[in-house]
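The structure under discussion appears below in the form of structure tokens.
All values below come from the heavy atoms of this structure, side chains included, with hydrogens, waters and symmetry mates left out.
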Amino acid sequence: MQVTGLGALVLTPVVGNLSDRYGRKALLAIPATASIVPLGILAYGRTKAYVYAYYITKTLTAMVCEGTMMCLSLAYVADTVPESRRTAAFGLFTGVCSAGFVASTIAARFLPLPTTCQVSAVGAVATAVYMKAFLQETDGGASSCSSSDEEASQPLCLPSSSAEEPSAPPRLPPLRKAPSLTEIAGLLTSSSTFSRAAVVTFFHGLGDTGLLNSLLYFLKAKFQYSKNEYANLLLIIGITGSFSQLTVMPFLVPKLGEQKLLIIALIASCGHAFLYSIAWSFWVPYLAASCVILSMLVTPCIRSIISKKVGPFEQGMVQGCITGISSTASVVSPLTFTPLTAWCLSEATPSYLKGFSLACAGFATLVALATSISMRPADVEPDRK
């Protein structure tokens with residue numbers, strides 16, 4: 001996981017920026033095609049040699065596939081959906097992704113292992129073929145504004161100096177080549193909203209990944225949960241999250257806006273972790289899982305906020321940066337929470353500290369919440385100097 005996370009950290013901003021220059025569909029073909037290889041190996045054979053080959057190819061391809069598929073897909077959505085409906089569209093997209101996780105989990109429970117591997121490989125091939133045959137290339141969203149080709153190469157909708165026209169949110173400067181670390185750092189600091197969104201993404205990812213890494217061991221030690229019971233809990237979380245993103249988010253966004261909804265979702269995410277940490281009976285984790293109906297809205301809200309901060313030709317770059325930051329959190333989290341969980345669940349630790357690692361995940365999310373409260377919506381942020 002650390003290897004793939006480091007790979008995603010480096011590659012996603014680069015691939016996202018390349019998609020701004022050469023098109024979303026062309027770059028989406030890379031992870032869509034690469035993901036077929038390890039699944040095809042496992043579908044062909046499951047002997048020791050094939051399993052080793054699967055893990056090697058999966059590690060290599062995951063560096064390209066895990067982060068880039070998400071950031072390029074979100075950039076594609078941003079190209080084709082106007083800003084007024086973009087938050088709900090991001091919610092629908094992430095909801096469909098969660099529904100895919102639920103469907104694959106259910107299929108794996110009922111299908112035999114050889115059939116599961118073959119179905120996975122066929123699904124990956126079908127995805128690549130569908131994308132090649134039916135997905136239309138976008139123009140970077142330039143068609144959504146009535147500007148010339150020369151103007152389209154610059155960030156759109158810059159604040160107007162005329163008093164008669166309302167000012168729009170400032171945009172980040174475009175990058176027309178593969179970004180360096182200095183340029184990525186410049187993006188993170190060029191806007192207070194974007195820099196705070198990066199902090200929220202990191203600490204929310206740190207807490208969320210830490211919670212998932214620690215939860216199974218905590219439930220097994222305190223309530224003797226089996227792996228099947230834990231899988232059922234994850235299935236409930238997936239179903240609830242899909243329902244929330246597909247139905248609740250489109251209803252709440254027009255009434256609250258993404259910034260207020262982000263704060264509410266982070267409050268629910270904190271409650272989710274703290275309730276797990278003080279669980280006193282076997283049914284409390286199922287109660288805590290109900291918080292997912294709001295906590296799952298954090299990611300689409302953040303993605304929508306930063307999407308509105310840039311022009312159409314920088315969508316891939318900023319979505320890649322946010323994905324890279326999330327990958328960084330996924331690398332740091334196990335290094336932090338694994339030894340902490342081992343100490344909390346050891347025999348020498350008092351019983352009232354068994355859930356301390358889960359509480360620490362909640363505290364990490366609390367930092368994200370505090371940062372989000374000070375974050376200004378894109379349409380009211382003052383001009384940058």
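- With a 4.5 Å cut-off on side-chain heavy atoms, Asn17 and Asp20 count as touching.
- Using a 4.5 Å heavy-atom threshold, the side chains of Met70 and Cys97 count as touching.
- Rounded to the nearest 0.5 Å, atoms CD1 (Ile373) and NZ (Lys260) are 13.0 Å apart.
- Although no hydrogens or angles enter the test, the distance criterion places no donor-acceptor pair under 3.5 Å between the side chain of Lys222 and the main chain of Ser281.
- Of all heavy-atom pairs spanning Ala329 and Gly205, the tightest one is CB-C, 3.7 Å.
- For the atom pair CD1 (Ile30) and OG1 (Thr61), the distance works out to 13.0 Å, reported to the nearest 0.5 Å.
- Across all their heavy atoms, Gly16 and Leu72 have their closest contact at CA-CD2, 4.1 Å.
- When every heavy atom of Gly207 is checked against every heavy atom of Ala361, the shortest pair comes out as O-CB, 3.3 Å.
- Between Trp283 and Trp280, the ring-plane angle classifies as perpendicular under the 30° and 60° cut-offs.
- Within 6.0 Å of atom CD in Gln136, 12 or fewer heavy atoms from other residues, nucleotides or ligands are found, so the atom counts as exposed in its surroundings.
- For the residue pair Ser214 and Phe337, the shortest heavy atom distance occurs at OG-CB, 3.9 Å.
- With hydrogens and angles disregarded, no donor-acceptor distance shorter than 3.5 Å links the side chain of Thr240 to the backbone of Ser290.
- Put simply, the side chain of Val81 does not reach to within 4.5 Å of the side chain of Phe90, judged on heavy atoms.
- Follow the hydrophobic side-chain contacts under 4.5 Å out from Tyr286 and you reach Leu211 in the same cluster.
- Using a 3.5 Å distance cut-off with no hydrogens or angles, the side chains of Thr323 and Arg303 do pair a donor with an acceptor.
- In Phe243, the CZ atom is not crowded: 12 or fewer heavy atoms of neighbouring residues, nucleotides or ligands sit closer than 6.0 Å.
- Note that CE of Met296 and OG of Ser269 are 10.5 Å apart. Values are rounded to the nearest 0.5 Å.
- Panel note: side chain Ser226, backbone Glu229; a donor-acceptor pair is recorded below 3.5 Å.
- Using a 4.5 Å cut-off between side-chain heavy atoms of Ile, Leu, Val, Met, Phe, Trp and Tyr, with links allowed through other members, Ile237 and Val102 fall into different hydrophobic clusters.
- Between His272 and Ser295 the shortest heavy-atom distance is ND1-OG, 4.5 Å.
- Gln245 has its side chain within reach of Leu297: a pair of non-hydrogen atoms, C-beta onward, lies under 4.5 Å apart.
- Tyr44 and Ile36 fall into different hydrophobic clusters, where Ile, Leu, Val, Met, Phe, Trp and Tyr side chains are chained together by heavy-atom contacts under 4.5 Å.
- Taking every heavy atom of both residues into account, Leu206 and Ser333 meet most closely at O-OG, 3.2 Å.
- Between the Ser98 side chain and the Thr94 main chain, a donor and an acceptor come within less than 3.5 Å of each other.
- Taken together through direct or relayed side-chain contacts under 4.5 Å among Ile, Leu, Val, Met, Phe, Trp and Tyr, Phe93 and Leu246 form parts of separate hydrophobic clusters.
- Counting non-hydrogen atoms of other residues, nucleotides and ligands closer than 6.0 Å to CZ of Arg85 gives a total of 12 or fewer.
- In this structure, the side chain of Ser307 does not engage the main chain of Ser304 through any donor-acceptor pair within 3.5 Å.
- In this structure, NZ in Lys308 is found 3.5 Å from CD in Glu258, a value given to the nearest 0.5 Å.
- The shortest side-chain heavy-atom distance between Leu92 and Pro250 falls under the 4.5 Å cut-off.
- A heavy-atom distance below 4.5 Å is not found between the side chains of Phe218 and Thr341.
- There is no path of hydrophobic side-chain contacts, each under 4.5 Å, that joins Leu235 to Tyr230.
- Listed for the Ser244 side chain is no donor-acceptor partner under 3.5 Å among the backbone atoms of Gly241.
- You'll find the side chain of Cys270 stays beyond 4.5 Å of the side chain of Ile267, heavy atoms only.
- Here the CG-CE distance, from Leu18 to Met317, works out to 10.0 Å after rounding to the nearest 0.5 Å.
- Judged purely by atom type and a 3.5 angstrom limit, Ser19 has no side-chain atom pairing as donor or acceptor with the backbone of Arg24.
- When side chains are defined from C-beta on, Leu369 does not count as touching Thr365, because their heavy atoms never get closer than 4.5 Å.
- When the shell of 6.0 Å around NZ of Lys220 is examined, it contains 12 or fewer heavy atoms from other residues, nucleotides or ligands.
- Judged by distance alone, with hydrogens and angles left aside, the side-chain atoms of Asn213 form a donor-acceptor pair with the main-chain N or O of Thr209 at under 3.5 Å.
- Note that CD1 of Ile322 and CD1 of Ile302 are 7.0 Å apart. Values are rounded to the nearest 0.5 Å.
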